[in-house]
Every structure is written in structure tokens, then in C-alpha cells.
Chemist: 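Right, I'll just put the structure down here and ask away after.
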2 protein chains.
Amino acid sequence: MKIAEVSERYGLSSDTLRYYERIGLLPTVTRTESGIRDYSELDLQRVDFIKCMRSAGLPIEVLIDYMELIEQGDSTIEARQQILLEQRDLLTSRIAEMQKTLDLLNHKIEIYEKNILGKEKEMAHEQE
Amino acid sequence: MKIAEVSERYGLSSDTLRYYERIGLLPTVTRTESGIRDYSELDLQRVDFIKCMRSAGLPIEVLIDYMELIEQGDSTIEARQQILLEQRDLLTSRIAEMQKTLDLLNHKIEIYEKNILGKEKEMAHEQE
DNA sequence: GTATCACCTGGAGTTAACTCAAAGTCAAGG
DNA sequence: CCTTGACTTTGAGTTAACTCCAGGTGATAC
């Protein structure tokens, strides 16, 4: 699959896909004879994984390390799991923090709601 | 309260606090006669609010707009609520996305777990 | 066959959000 | 009195993660 189609399918720009490759996040994208990128099924799975992880805010640096470990084969399984465990914990606390902010937002919205209703009543009263 | 104490209490650097003021996010910090910042109770509440919103990823630009509306008084209540509603919805979907990533991470960790256990068994077997 | 278009590379530019540095002021301690 | 240390301002530097650009190549449509 060529870069434009991958870009379309995953919502990442071609520039971003090339950038990911440049920095070692997607090191193994296959090419046609004339040098055009031709993403394999495995490449696509990796794009999907990276997209998912990035959307949750995992730093690129961490993902590069993870991908390098994958390249090194089975002996790195524990190290890879360790990375995922760390990132899982970080993500868990980020979600908790965001949930707290969400609660505060909802609380404030409610207060504004009452405030606005109060104002309307007041205006209706004035018009009587 | 002086800047160093505010910095300490909220875990934001003095540079960051001054930066927030510079860009209009904390426009009303009171000063002593000699020009030293002396954060009022209201200032502290705002720092706390901003810190909370920033930690959830709300863009500074949005928070500046919100603060400007506050400065403009009661006539902007609807507009302020509108901003909070939008950000609430954005935050809700970001949390949902992160939750999906968290699920995937947990799934992968589990697979690694099985894999590692399998390897250990294999090794134990080899040693028999 | 030539024009167009997607692709390529290397390098530079952008954006958000800080973060640091230089040069100066002021209050308190010795 | 003078040094120290926290404060001030303005402006520049940094980091992460893209994003864009110029100049070039190769395949396809007319």
C-alpha cells in the first residue's frame, strides 16, 4: 500500500509517516524496486499501534525504544513488557487527573446553568 | 503571597507563573508598593483552576479567552459556559480515546505475561 | 514524447508551552 | 554600609512533534 493510501486510512499525513520512519519509529517499511514505500500488513499494524499510542499521549521517544526492542527479537520481551507497564501506569494516572478536571468542568457548567436560569427568571419578572 | 510560595504550593515554576501573567492568563495579580507580586486569594484560586485545566490538556489560548470573558463581567456568562461546554466535550472524548489505548495496553501486557510464563516453563522443561 | 502527478530526500520552518539569561532593584542580615 | 538573595523586566532559547519546501525522479495519461 502506498503512502497516500496509508495516510488516508489512518489520518496521519504523508509527512508524518515519513517523519516516523526517519526517526526510527517505523524502520522497516518495504519499498518497490524504484524506491517507493509500499507498506506491508505488518507495517500497517505498526502504524495503527503507533497512532493509538500517540493519540493517548505516549511520547515518541518511548515508542522508538519499544520498536527498537521489537527489532532485537525475543530476548527483549521482558524489557518491552516493562515499558508497557510503565506507560500503562502513567496513562492510568493521566486519565484519573483528566477525570478530576472533567468533574470540575461539569460542576462549573452546572453553576453557570443555575446562574443563567436565575437571570432569565429575573428578566421575566421585570417584564411582568 | 509571594511568587516563590505560590510556585511551591502549586508546583508551577516562578517563570511559568510570570509567563501566564505576561500572556494574559493571570492578568490581575496584585503587587506590593515596590512592585513585587503578592498573590491574593482570588489570584490563588485562578492559579489552581488554570493548573487543573492545563493538566488535562486544555490549550492556554482557550483559557486566555475564558479569563478575558471573566474580566468583562456578568454579561459574558453564556459565552463562558459555552467555552466550558466545548472543552468538556473535547475532554470527554479524549478520555474515551485514552481509555481505549489503556485497554489495548492491558491486553498487550497480558499477552507478554503469557509469553514470559511460557518461556519459563520451557526453560524449566529443558533443565529436566 | 511530453506533461502531470505522486513520490523521493535533506533540510529548514512552525507551534505550543514553557524555560533561561542578563541586567537591574530592593529589603534584610551581619 | 555592603553583601546576599529574592524579586523585577525584556528578550532569547529550548523541546516535542510535526510540517513545509526545494529540487529531483519515475510512472502514467493524453
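To find a chain, count down the sequence lines: A is the first, B the second, and so on, and within it residues start at 1. All values below come from the heavy atoms of this structure, side chains included, with hydrogens, waters and symmetry mates left out.
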Chemist: Quick one: on DNA chain D, does B:Asp15 or B:Ala4 contact a more 5' nucleotide (nearest heavy atom)?
Modeler: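 In this pair, the answer is B:Ala4.
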
Chemist: How far apart are the C-alpha atoms of A:Asp15 and A:Arg18, what are their side-chain angles, what is the distance that settles it, and do they pass the salt bridge (Lys or Arg N to Asp or Glu O under 4.0 Å) test?
Modeler: CA-CA 5 Å; A:Asp15 272 324; A:Arg18 282 190 285 259; 3.7 Å; yes

Chemist: Quick one: pull up CE in B:Met53 and CG in A:Leu105 and give me the separation to the nearest 0.5 Å.
Modeler: 4.0 Å

Chemist: Under 4.0 Å: is that the gap between some side-chain N or O of B:Arg37 and OP1 or OP2 of D:dT8?
Modeler: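 Checking B:Arg37 against D:dT8: at least one side-chain N or O falls below 4.0 Å of OP1 or OP2.
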
Chemist: Using only side-chain N and O atoms of B:Arg31, determine if any of them is under 4.0 Å from OP1 or OP2 of C:dT25.
Modeler: no

Chemist: Within the pair A:Thr16 and D:dT19, is there a side-chain N or O less than 4.0 Å away from OP1 or OP2?
Modeler: yes

Chemist: Send over the distance from A:Lys2 NZ to D:dT25 C1', rounded to a whole Å.
Modeler: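 Between C1' of D:dT25 and NZ of A:Lys2: 14 Å.
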
Chemist: Give a yes/no on whether any side-chain N or O of B:Arg54 is located under 4.0 angstrom from OP1 or OP2 of C:dA17.
Modeler: yes

Chemist: Would A:Tyr66 and A:Phe49 count as a close aromatic pair, with their ring centres under 6.0 Å?
Modeler: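 Under 6.0 Å, so yes.
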
Chemist: On a plain distance test, is the side chain of A:Arg18 in donor-acceptor contact with the base of C:dG10 below 3.5 Å?
Modeler: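 Such a pair does not exist between side chain and base.
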
Chemist: Look at the side-chain N and O atoms of A:Tyr19 and state whether any lies under 4.0 Å from the OP1 or OP2 oxygen of D:dA16.
Modeler: no

Chemist: Round to the nearest Å and state the distance from A:Ile64 atom CD1 to D:dA17 atom P.
Modeler: 9 Å

Chemist: Take the protein atom CD1 of A:Ile36 and the nucleotide atom P of D:dA27, then report the distance between them rounded to whole Å.
Modeler: 8 Å

Chemist: Can you tell me if B:Glu86 has over 12 outside heavy atoms packed within less than 6.0 Å of its CD?
Modeler: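 Counting other residues, nucleotides and ligands, CD of B:Glu86 exceeds 12 neighbours.
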
Chemist: Of B:Gly57 and B:Ser34, whose closest DNA chain C nucleotide lies nearer the 5' terminus?
Modeler: B:Gly57

Chemist: So A:Ile23, base contact, sugar-phosphate only, or nothing? Heavy-atom distance under 4.0 Å.
Modeler: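 Result for A:Ile23 = nothing.
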
Chemist: Round to the nearest Å and state the distance from B:Glu33 atom CD to C:dT25 atom P.
Modeler: 19 Å

Chemist: Could you pick out which residue, A:Tyr20 or B:Glu5, lies toward the 5' side of DNA chain D when each is mapped onto its nearest nucleotide?
Modeler: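 Its nearest nucleotide lies further toward 5', so the answer is B:Glu5.
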
Chemist: Just one of A:Glu71, A:Glu41, A:Glu21 clears the salt bridge (Lys or Arg N to Asp or Glu O under 4.0 Å) bar with A:Arg46, so which one?
Modeler: A:Glu71

Chemist: If I take atom CG in residue A:Asp38 and atom P in nucleotide D:dA27, what distance separates them, rounded to the nearest angstrom?
Modeler: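 Atom-to-atom, A:Asp38 to D:dA27, this comes out as 14 Å.
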
Chemist: What is the distance, rounded to the nearest whole Å, between atom CG of B:Leu63 and atom P of C:dC18?
Modeler: 10 Å

Chemist: Whole angstroms only, please: what is the CD-C1' distance between B:Glu61 and C:dC18?
Modeler: 15 Å

Chemist: How close or far is atom P of C:dA6 from atom CG of A:Leu17, stated in whole angstroms?
Modeler: 16 Å

